[in-house]
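Naming: A, B, ... by sequence-line order, numbering from 1 per chain.
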Amino acid sequence: MAQIRIESVRKEFGAFTAVQSSSFTIEDGEFFMLLGPSGCGKTTTLRMMAGLELPTSGEIYIDGEEVGMKPASQRDIAFVFQMFALYPHMNVGKNISYPLLSQGMPKAQVKEKVDEVAQILGITDILKKPVGGLSGGDRQRVALGRAIVRNPKAFFMDEPLGALDAEFREHMSEELRALHDRMGATTVYVTHDQLEAMQMGDKIVVMNHGVVEQFGVPQDIYDWPATMFVASFIGSPAMNFLNFHGIVGTGTTAVKLAESEIKVPEQLGGARGDLVLGVRPEHVHLDDSADYRGEVTATEYLGTTQIVTLNTPHGEIKARIPSSTRAEVGENTGLRFDERTITVFEMEKGRALLSAANQGVLNHG
Amino acid sequence: MSFSVTEPSIRTKWFAGTAVVLYAVITILPLMWIIATGFKSPADSIAYPPKVVFEPTLEGYVNLFTQRTRLNQDDLDALPPPETWYDEMVREQGQVITGRSRYGERFMNSIFIGFGSTFLCMVLGTAAAYAFSRFRVPLKNDLLFFILSTRMMPPIAVAIPIFLMFRQLGLNDTHLGMILLYTAVNLSLSVWLLKGFIDEIPVEYEEAALIDGYTRFQAFYKVVLPQAATGIASTAIFCLIFAWNEYAFAVLLTSGTAQTAPPFIPTIIGVGGKDWPAVAAGATIFLVPVMVFTILLRKHLLRGITFGAVRK
Ligand SMILES: Nc1ncnc2c1ncn2[C@@H]1O[C@H](COP(=O)(O)OP(=O)(O)OP(=O)(O)O)[C@@H](O)[C@H]1O
Ligand SMILES: [Mg+2]
């Protein structure tokens, strides 16, 4: 069990900066997601926490102790690698017992522990098998077994489900989450799959180009993205962006888009120039009484809901509306946005402007 | 990664099979000749046309291991009756055994130097290859190129400087000298081959071991080495074959104590140059160790010589 704190951690590979002054805190017992697109520095960040990579600068604390320069073997953590890294020259049981043998634990006790872990993971019957012929799911379980057998302070997992096929991922992710809830150990989990992150995580850090873009609980990140990157990376379809030129100041409650007034949450800061209105597809409603208009160009039926693509004076947007609402291609219709949920971004910096609605989330994160 | 190969047609199989058999016959023929000659009498061994069917005798082997002297018939008759079958065999040629030949010693020299240098080469080669594969070595590429470049000319091109150097260092005709020399010659090949094999082992295995609480050396020893076994075995065979068969340096640098079998075997032919069966017997016995070593490691060798073409 451990709290993990990252402070202004930075990692350079030669001239290339993989991670730029990241800071965040992982509370004891949390299931923590490191989320971001490929190459954004998730693995590098995780490897620095684990001690497989030395940070160029910054501090890493595990339970209040600075461990930045400590070797991996002394951090008392477990790591599940993307390709599982099961030792191919040992059978399943030996693989699981390997971390215990390094501590010089007596044979009988090792066996007891391995049996117990095998029981938890339901792999008792394959303990004697070589790891070569195992299915993806069983490899995953053995890798987990090797991680939990030692009762480490924290688990680090680098895309542990990446090697499994889609159908099985779902099942394994549930199994993983259940295991975590049962053991309650701090877990840091790397993924580039935003859905996985939203479903499994207690908290999420979103990274892009080595920078921590936002950090918080899934709901907050979804509702109140701090940057346009977060807004577009999380959610499917992504948040709609309507580019406009204008001014907002403290107390602004509406912006002018073409000829229409669009109500927005009360703004707490000011900006002028190129701005962006961000609105999630489910907060766009087809309402003929609205004066902001668009033309339906496509509809996609998804069962209870449908995704409607519309052409507006400010670009293409998508709306998620009930399937029962009629929307014909070619139809010109009014669009109403839920004012409470709108975020205004500054185009150039890509950052969200502070409003009465998102200040609670953005001020602490 | 796995890939599938379509089953070859019957005709292709026949063709390939015939080609392999033909090639095997061609390469095995001289070998068979040497082995057969070892069991011929001196007269049979130089008969023309060569005899395929002959009466086998162990004369060649007896001559190989003994030193003999020729006596006239009176002196022979005066001797007590022969005690052993080989005594008797030698007497029939009008000779008596005066002692053991040097072949056994030379053979042991070959074993000691061949296996010694192979072992040393593997220890140094694996360590160097591991470092080149895993660590950030300054000037890595230049160093690797330098190591390879030591094999760009035939080793014998530097025979004279080495000869002079060895004389200065007192390494002439010593086991240590030959072991060092063969190790030096083989090391470049081993480092390159082994680096290739170690590069193929995912670094995650070691990292997993590090996290499991093992030291870097334990991770190397317990996780990397077992997985590199195939590569090490096949590299060892290449090293041993070179050191075992090496002739030029052995002629130049050894004459007595440390002489290996290759320069010794031709000298067996003796005065008059008739004793081909003994030479053939020496060559036959000389073949055995490398053959046994290769057969013992053949499982590894088969996988090893594909040089990582097959991935897991
Ligand atoms: N040892 C290294 N030397 C040089 N560059 C590296 C090294 N390791 C990682 N990088 C670079 O750092 C960047 C971040 O890599 P990292 O592996 O952390 O990304 P990631 O977010 O885990 O991506 P992915 O989803 O593809 O695994 C990448 O551009 C990568 O090329
Ligand atoms: Mg990664």
Side-chain angles (χ1 to χ4, degrees), chain A residues 13-14 43 46-47 49-54 70-90 94-105 110 130-133 139 142-160 163, chain B residues 1-4 126 130-131 133-142 194 196-234 297 299-304 306 308-312:
Chain A
F13 293 109
T43 298
L46 193 71
R47 287 170 59 87
M49 291 191 225
L52 294 172
E53 208 88 68
L54 291 181
K70 242 183 166 183
S73 53
Q74 288 171 27
R75 295 194 190 185
D76 192 17
I77 49 98
F79 203 110
V80 178
F81 291 87
Q82 177 160 15
M83 300 311 293
F84 308 143
L86 303 179
Y87 306 121
H89 56 295
M90 301 178 190
K94 275 226 77 181
N95 259 283
I96 296 178
S97 68
Y98 211 57
L100 298 178
L101 296 176
S102 75
Q103 307 171 339
M105 186 184 276
V110 168
V131 294
R139 283 165 164 268
V142 177
L144 281 175
R146 200 173 65 189
I148 64 181
V149 74
R150 218 181 46 191
N151 264 327
K153 280 188 181 159
F155 294 110
F156 295 160
M157 308 188 183
D158 191 358
E159 309 216 11
Chain B
M1 204 197 324
S2 69
F3 48 87
S4 65
T126 313
Y130 182 70
S133 172
R134 295 295 197 252
F135 299 123
R136 283 178 45 192
V137 180
L139 296 178
K140 180 191 274 186
N141 291 332
D142 304 277
L194 288 168
F197 286 113
I198 293 178
D199 281 346
E200 295 254 306
I201 304 171
V203 66
E204 279 86 359
Y205 293 130
E206 285 146 83
E207 292 181 337
L210 289 180
I211 285 179
D212 284 350
Y214 293 88
T215 63
R216 169 64 75 165
F217 184 74
Q218 285 172 321
F220 168 73
Y221 183 74
K222 295 186 174 176
V223 175
V224 179
L225 275 194
Q227 290 187 68
T230 292
I232 293 175
S234 50
L297 297 183
K299 204 176 71 205
H300 293 303
L301 188 64
L302 257 181
R303 277 185 54 207
T306 56
V310 182
R311 277 165 209 272
K312 288 133 270 172

Indicate yes or no for a side-chain donor-acceptor contact from Ser102(A) to the backbone of Asp212(B) under 3.5 Å, with no hydrogens or angles considered. yes
Between Ala147(A) and chain B, which part of the residue has a heavy atom less than 4.5 Å away: side chain, backbone, both or neither? neither
Are there over 12 heavy-atom neighbours, none belonging to Met90(A), within less than 6.0 Å of that residue's CE? yes
Taking side chain as everything from C-beta outward and backbone as N, CA, C, O, which of these in Leu86(A) sits under 4.5 Å from a heavy atom of chain B? Side chain, backbone, both or neither. backbone
Hey, which residues of residues 213-220 of chain B are touching chain A, say heavy atoms under 4.5 Å apart? Gly213(B), Tyr214(B)
Does any heavy atom of chain B fall under 4.5 Å from the side chain of Arg47(A), the backbone, both, or neither of them? side chain
Is it the backbone or the side chain of Phe81(A) that comes under 4.5 Å from a heavy atom of chain B, or both, or neither? side chain
Per-residue tally against chain B (heavy atom, under 4.5 Å) across Met83(A), Arg146(A), Arg75(A), Gln82(A) peaks at Arg146(A)
Within 6.0 Å of NZ in Lys70(A), more than 12 heavy atoms from elsewhere: yes
Other residues, nucleotides, ligands: >12 heavy atoms within 6.0 Å of Phe13(A) CZ: yes
Options Tyr98(A), Phe79(A), Phe156(A), ranked by heavy-atom pairs under 4.5 Å with chain B, top entry: Tyr98(A)
Spacing of CD1 belonging to Ile211(B) relative to CD belonging to Gln74(A), to within rounding of 0.5 Å: 13.0 Å
My understanding is that only residues two or more places apart in sequence, or in another chain, count here; which of them pass side chain to side chain donor-acceptor pair (under 3.5 Å) with Arg134(B)? Glu206(B)
Does any backbone or side-chain atom of Ala229(B) lie under 4.5 Å from a heavy atom of chain A? Answer side chain, backbone, both or neither. neither
So, does His89(A) use its side chain to make a donor-acceptor pair with the main chain of Lys222(B) at under 3.5 Å? yes
